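Numbers here simply count residues along the sequence, with the first being 1. Model, not experiment: these values are computed from the prediction.
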Amino acid sequence: MTDELIRLTATEAVARLRAREITPLDLIDAAAARIAQVEPAVNALPTLCLDRARDHAKALMRGERREAEGEPGWLAGLPVAIKDLTEVAGVRTTFGSPIFADHVPDRSHPVVERIERRGGVVIAKSNTPEFGAGGSTFNEVFGRTRNPWNTSLTCGGSTGGGAVALATGEVWLAHGSDHGGSLRRPATYCSVVGLRPSPGRVTRGAQEDLWSPLSVQGPMARNIADLALFLDTMAGWDIDDPMTYDAPGRSYADAVAAAEAEKPLRIAFTADFGGALPMDREMREICAREMRRFEALGIAVEEMHPDLGALNEAFLVLRSQHFVVDREELLATKRHLLKPDIVWQTERGLAETPSRLAWAEHERARFFRAMREIFARCDVLVTPGASTPAFDVMLRAPERIAGQVLENYMGGSLINAFATLASCPAVAVPCGFDRYGRPVGLQVVAPPRQDARALQVAALFERLSGLDRRLPIDPRPGEVPPYE
C-alpha cells in the first residue's frame, strides 16, 4: 500500500482523497515510511513534524478546516514539504543558519497559512543552503543534500531538499522560493518540475524587501499538472504582500488541461544567447535536439535571443541590495557565523553607489525591452534549465563551465537570472539525460503574468517526452564525472 501511494501523482492522490478512497493519515504514514527508507542516502527533509501533520489531518477529517474546499487548488489533506527558509508555526525553522539553529516560530509564513487553509498538510521542512544563498544545498546545521540520480552529485540549490524529496517519493508536492534559479536549477538537476511565478502571483508576506520583484515563492512537483495544482493552491491576493493580485478567473489546472487545444504557433529557442553565456556542450546539444519535439505538434521553433549586454553585472548589483536589506545587521553582529558567499554579497552591496544602482536599473529596463521584442514574435522563449550538469556534491559551485573558470558562486546563474530580471514566469521541465546519466532540462519563459502560458508549453513538452513517468526513484550511488 505504501509503495502504491507514493507513486500516485499529486493530482491522483487529491482525487482519491476527495472521493474518500484514502485518508490524509494514509498518505502521512506512506510518506513517513518512505522518508525513513531514503533519507539516510539523500538528507532532503531534515526536520519532520509528523505529529503536527496528523493533528491537522484529523481536524480536516472532522470537517474543522475546510474553508477552501471546492476552490481551485484544494489539496484535501495532501502532505507537502515546506522549504526551511519559510516559517511553519511550532516547527523548527533554521534558514540553514547556525544563528537560527534552534528557532521555532509562533506564526507561519503567509504562504504556509494559505497552503494549510487550502487543505495542504505540512509534514516536513526541506533542506536549503544558508539563507538560500547558493547553487548547492548544504549548510552548517544539517549538512549536504545529495542528488538521488547519483548521490555523489549536488541536487542544486536553493530548493534542493524539495526537489530531492519529490524525486524519491517522500512527498507529492514541495514548496520553494526563487531568486536566481532556486526553483528551476534543482528541478533540472533532479528531473522534476519547478516554477518561478511572476512577481505578485504568490505571497512573500513576511520578507523585508516587499517591493522587490527578485525573490518569489513558488511550487515544485513531479509533473506539470501537479505543478499547476499547487500554484492554484498558492495564488491570489494577500493582505501581507502589497505586490499580490487576485487569482485568475480560470485555474492553472484547467489551463494545463487545455494545453494542446491552445498550443502556440511559434517558440523561440536559444542554447547560450549566441555564445554570450558559458554552456556545457552536451547540455546545449541535448536541449537543441529535444526542442525539435515541438515540431511534431506543428509548432515552429525559431532560434533567437535578446542581447544580454551587461546583464550579469546588473544582476549582481541588484541582488547585492537584497542582501543589504536582509543581512546588514547580521554582518555587523554575527559576521563569524555567516558563510563567505553571504559576507561577499552583502559587502558588495554596501559598497555600491547610487550611480551604479541607477545603471543596473537602466540595464534591466533595456533588457526587458529586448525580451519584449522576442515575445512580440513568439509565445515563449525556451533555454536549457542550467548551464552545467549536476556537479560534485562537495563543491559549493561548479569550478568551470565549458572550460571557463567561474569568478564567484553565482557565475553560472544568468541562464536562470535573466528571467528573474525581466519579471517573467519560468518553468523547468526535464528533457533527458547526459552520457553520465545526469538529468538535463529545459526552461520555458513566458511574458510577465503569463504563468499559464509557460505551464501549457511545458505540459506539451512533458507529454511528448514522457519523462515524468520515471519518478519516483530510489537513491543511486555513483562516481563524480570528470570535468571536460
Side-chain angles (χ1 to χ4, degrees), residues 2 5-6 10 13-14 17 22-40 42-62 64-68 75-98 100-128 132 137 139 141-143 145 158-166 168-177 205-206 217 219-221 230 233-234:
T2 295
L5 292 179
I6 67 164
V14 168
L17 285 167
I22 56 175
T23 71
L25 293 174
D26 294 330
L27 294 181
I28 293 171
D29 289 346
R34 183 62 174 172
I35 289 167
Q37 180 182 2
V38 304
E39 268 301 290
V42 295
N43 188 34
L45 301 177
T47 301
L48 303 182
C49 49
L50 297 175
D51 289 341
R52 180 184 186 279
R54 291 188 176 100
D55 288 344
H56 186 182
K58 290 172 184 175
L60 281 170
M61 293 165 68
R62 291 193 298 267
E64 295 174 9
R65 299 185 181 180
R66 308 179 76 89
E67 299 100 309
L75 297 182
L78 184 74
V80 302
I82 302 296
K83 189 174 181 178
D84 199 31
L85 297 183
T86 304
E87 293 182 316
V88 176
V91 180
R92 184 185 183 194
T93 301
T94 73
F95 311 105
S97 167
F100 294 97
D102 300 315
H103 173 58
V104 179
D106 295 327
R107 181 191 170 184
S108 294
H109 186 284
V111 75
V112 175
E113 293 178 341
R114 187 177 189 89
I115 290 167
E116 292 189 323
R117 284 197 307 270
R118 291 178 168 264
V121 174
V122 178
I123 63 167
K125 304 300 297 296
S126 64
N127 206 21
T128 180
T137 295
N139 59 63
V141 183
F142 297 121
T145 298
S158 62
T159 316
V164 173
L166 289 164
T168 56
E170 294 182 302
V171 291
W172 293 264
L173 295 173
H175 152 275
S177 58
Q217 305 277 323
M220 191 178 277
F230 205 17
T233 304
M234 297 181 181

> Test T137 against V164 for side-chain contact (heavy atoms from CB on, under 4.5 Å), laying out the working first.
CA-CA 10 Å; T137 295; V164 173; over 6 Å; no

> I need the minimum non-hydrogen distance between R118 and T233, along with the two atoms involved.
CD-O, 2.9 Å

> State the CD1-NE2 distance between I115 and H175, to the nearest 0.5 angstrom.
5.5 Å

> Given side chains that start at C-beta, do those of V112 and E87 come closer than 4.5 Å, heavy atoms only?
no

> Of all heavy-atom pairs between S108 and A89, which one has the smallest distance, and what is that distance?
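S108 and A89 have their closest heavy atoms at OG-N, 2.8 Å.
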
> Which heavy-atom pair separates R65 from E67 by the least distance, and what is that distance?
C-OE1, 3.5 Å

> Is there a side-chain contact between T47 and T94 (heavy atoms, below 4.5 Å)?
no

> Flag the pair D84 / T93 as yes when at least one side-chain heavy-atom distance between them is below 4.5 Å, and no otherwise.
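Yes, close enough: below the 4.5 Å cut-off.
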
> Under the side-chain contact (heavy atoms from CB on, under 4.5 Å) rule, what do V171 and L166 come out as? Steps first, then yes or no, please.
CA-CA 6 Å; V171 291; L166 289 164; 4.1 Å; yes

> Using the ring of each side chain (for Trp, its six-membered ring), is F95 parallel, tilted or perpendicular to H103, with breaks at 30° and 60°?
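Ring orientation of F95 relative to H103: parallel.
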
> Rounded to the nearest 0.5 Å, how far apart are CG of N127 and CG of N139?
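That separation rounds to 5.0 Å.
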
> Determine the minimum heavy-atom distance between P105 and V88, stating which atoms define it.
CG-O, 3.3 Å

> Given L17 and L27, is the side-chain contact (heavy atoms from CB on, under 4.5 Å) satisfied, shown in steps?
CA-CA 9 Å; L17 285 167; L27 294 181; 3.7 Å; yes

> Working to the nearest 0.5 angstrom, can you tell me the gap between L75 CG and F230 CZ?
6.5 Å

> Walk me through whether V122 and R52 qualify under side-chain contact (heavy atoms from CB on, under 4.5 Å).
CA-CA 8 Å; V122 178; R52 180 184 186 279; 4.0 Å; yes

> Rounded to the nearest 0.5 Å, what's the gap from NE2 on H56 to CD1 on I123? Could you check?
13.0 Å

> When rounded to the nearest 0.5 angstrom, what distance separates CG in D55 from CG in L50?
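Taking CG in D55 and CG in L50, the distance rounds to 11.0 Å.
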
> When you compare the side chains of K83 and S158, does any donor N or O come within less than 3.5 Å of an acceptor on the partner?
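Yes, S158 and K83 have a side-chain donor paired with an acceptor closer than 3.5 Å.
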
> Of all the heavy-atom pairs spanning L60 and G77, show the shortest one and how long it is.
CD1-CA, 3.7 Å

> I need the minimum non-hydrogen distance between A13 and I22, along with the two atoms involved.
O-CD1, 4.1 Å

> Measure the shortest side-chain to side-chain distance between R54 and D29 over non-hydrogen atoms and say whether it is less than 4.5 angstrom.
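Yes; the side chains approach each other to less than 4.5 Å.
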
> With heavy-atom distances below 4.5 Å as the criterion, would you say the side chains of E113 and E116 are in contact?
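No, side chains not in contact.
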
> Using a 4.5 Å cut-off on heavy atoms from C-beta on, say whether the side chain of V141 contacts that of R92.
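They are in contact (side-chain heavy atoms under 4.5 Å apart), so the answer is yes.
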
> Measuring only between side-chain heavy atoms, which start at C-beta, is P79 closer than 4.5 Å to I28?
yes

> To the nearest 0.5 Å, what is the distance between OG (S126) and CD (E170)?
10.0 Å

> Tell me, do S177 and Q217 make a side-chain contact under 4.5 Å, heavy atoms counted?
yes

> For the pair W172 (side chain) and L5 (backbone), establish whether a donor and an acceptor sit closer than 3.5 Å, ignoring hydrogens and angles.
yes

